[in-house]
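All residue numbers refer to positions in the sequence shown, counting from 1.
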Amino acid sequence: MITTRRATVNDLETLCKIERECFTLEAFTKEQMKLLLDNPNAVSLIAAVDDETAGFIIGLTHHHNKTKTGHVCTIDVAVKYRRKGIGLKLLSELENVFVRTGVKTCYLEARADNVAARELYRKQGYKEVEQLKNYYHVGVHGVLFTKRL
C-alpha cells in the first residue's frame with residue numbers, strides 16, 4: 001500500500017539519494033533541495049511503501065498575472081518502485097493540494113527524451129505547450145507542460 005505524507009528537512013538525505021538516482025547530471029544539489037524544502041511556498045510530499053520512501057514530489061506555488069499557479073519542480077521515484085503507480089499518486093496528491101490552495105494552472109518540465117515521464121503527464125491531462133531548447137544543458141532539450149486544475 002502506498003501512503004503519502006509531507007516531507008521535511010529531516011528527510012533531506014533520503015530525498016537527495018533518490019534525486020541523484022533519478023536525475024544524475026540534472027539532479028538538484030543538497031543545498032537546492034534544502035532550499036526547496038524550506039520554502040514557505042513549497043508543497044513537498046513523500047510516497048512510502050511499507051514505511052520505506054519510494055518517491056517524492058516538490059511543487060511551488062506563486063502568483064502569475066493575478067492567478068495562482070503551481071510548478072512541479074521535481075518528481076522522483078526510486079528505481080525499485082517504478083511502474084507501481086507511485087509517480088501517479090504523488091502527482092495526483094500534489095494537484096489536490098494545489099487545488100485546495102487556489103491554484104488554477106499547474107506546469108512542469110520534462111526532458112524531451114524522457115518518454116515515460118511525457119506519457120505519464122499526457123495521461124494526466126497535461127498538454128505540451130513549448131519545446132525548451134538546451135533546457136537541461138547544451139544538447140539536452142526539455143518540454144513545457146501545462147494543465148488547468
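- Judged by distance alone, the side chain of T4 and the main-chain N or O of A47 form no donor-acceptor pair under 3.5 Å.
- The hydrophobic cluster containing Y121 also contains L149, counting ILVMFWY residues as joined when their side-chain heavy atoms lie under 4.5 angstrom apart, directly or transitively.
- Of all the heavy atoms in A110 and R118, the pair that sits closest is CB-CG, 4.3 Å.
- The hydrophobic cluster containing I57 also contains I2, counting ILVMFWY residues as joined when their side-chain heavy atoms lie under 4.5 angstrom apart, directly or transitively.
- Identified under the ring-ring contact (aromatic ring centres under 6.0 Å, His included) test for residues 32-54, with sequence neighbours left out: none.
- There is a path of hydrophobic side-chain contacts, each under 4.5 Å, that joins V72 to V99.
- The closest donor-acceptor contact from the side chain of N65 to the backbone of T67 lies at 3.5 Å or more, if one exists at all.
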K104 vs K68, side chain to side chain contact (heavy atoms under 4.5 Å, CB included): CA-CA, chis, key distance, verdict: CA-CA 6 Å; K104 303 295 184 205; K68 195 169 185 182; 5.7 Å; no

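- The hydrophobic cluster around V115 extends to none of the other residues, as no ILVMFWY side-chain heavy atom falls under 4.5 Å of it.
- L36 belongs to a hydrophobic cluster whose other members, connected by ILVMFWY side-chain contacts under 4.5 Å either directly or through intermediates, are V9, L12, L15, I18, F28, M33, L37, I46, F56, I58, L60.
- In this view, R122 and E119, E128 satisfy the salt bridge (charged side-chain N to carboxylate O under 4.0 Å, His left out) rule, not counting sequence neighbours.
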Side-chain atoms of residues 137-146: list all donor-acceptor pairs with protein atoms under 3.5 Å, sequence neighbours left out, distances to 0.1 Å.
residue: H137; atom: NE2; partner: E26; partner atom: OE2; Å: 3.0
residue: H141; atom: ND1; partner: N134; partner atom: N; Å: 2.8

Steps toward side chain to side chain contact (heavy atoms under 4.5 Å, CB included) verdict (L45, R6): CA-CA 4 Å; L45 302 172; R6 293 285 179 139; 3.8 Å; yes

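- The side-chain hydrogen bond (donor to acceptor under 3.5 Å, both in side chains) test applied to D113 returns R111, not counting sequence neighbours.
- The backbone N or O of A27 lies less than 3.5 Å from no partner atom in the side chain of R20, so there is not a single donor-acceptor pair.
- Residues satisfying the salt bridge (charged side-chain N to carboxylate O under 4.0 Å, His left out) test with K80, not counting sequence neighbours, are E52.
- For residues 70-103, the pairs satisfying ring-ring contact (aromatic ring centres under 6.0 Å, His included) are H71-Y107, with sequence neighbours left out.
- When hydrophobic clusters are built by joining Ile, Leu, Val, Met, Phe, Trp and Tyr residues whose side-chain heavy atoms come closer than 4.5 Å, directly or via intermediates, L132 is grouped together with V129.
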Side-chain atoms of residues 83-94: list all donor-acceptor pairs with protein atoms under 3.5 Å, sequence neighbours left out, distances to 0.1 Å.
none

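- When all heavy atoms of V49 and A54 are compared, the pair lying nearest together is CG2-CB, 4.0 Å.
- A side-chain N or O of T74 and one of D76 form a donor-acceptor pair less than 3.5 Å apart.
- R100 is not listed as a side-chain neighbour of V43, based on a closest heavy-atom distance of 4.5 Å or more.
- For K30, the salt bridge (charged side-chain N to carboxylate O under 4.0 Å, His left out) partners two or more places apart in sequence, or in a different chain, are E13.
- At a threshold of 4.5 Å between non-hydrogen side-chain atoms, the residues V79 and E21 count as touching.
- Residues passing the salt bridge (charged side-chain N to carboxylate O under 4.0 Å, His left out) test with E95 are K147, sequence neighbours excluded.
- Going from atom SG of C73 over to atom CD of E109 covers 8.0 Å, rounded to the nearest 0.5 Å.
- Taking K34 as the reference, D38 meet the side-chain hydrogen bond (donor to acceptor under 3.5 Å, both in side chains) condition, with sequence neighbours excluded.
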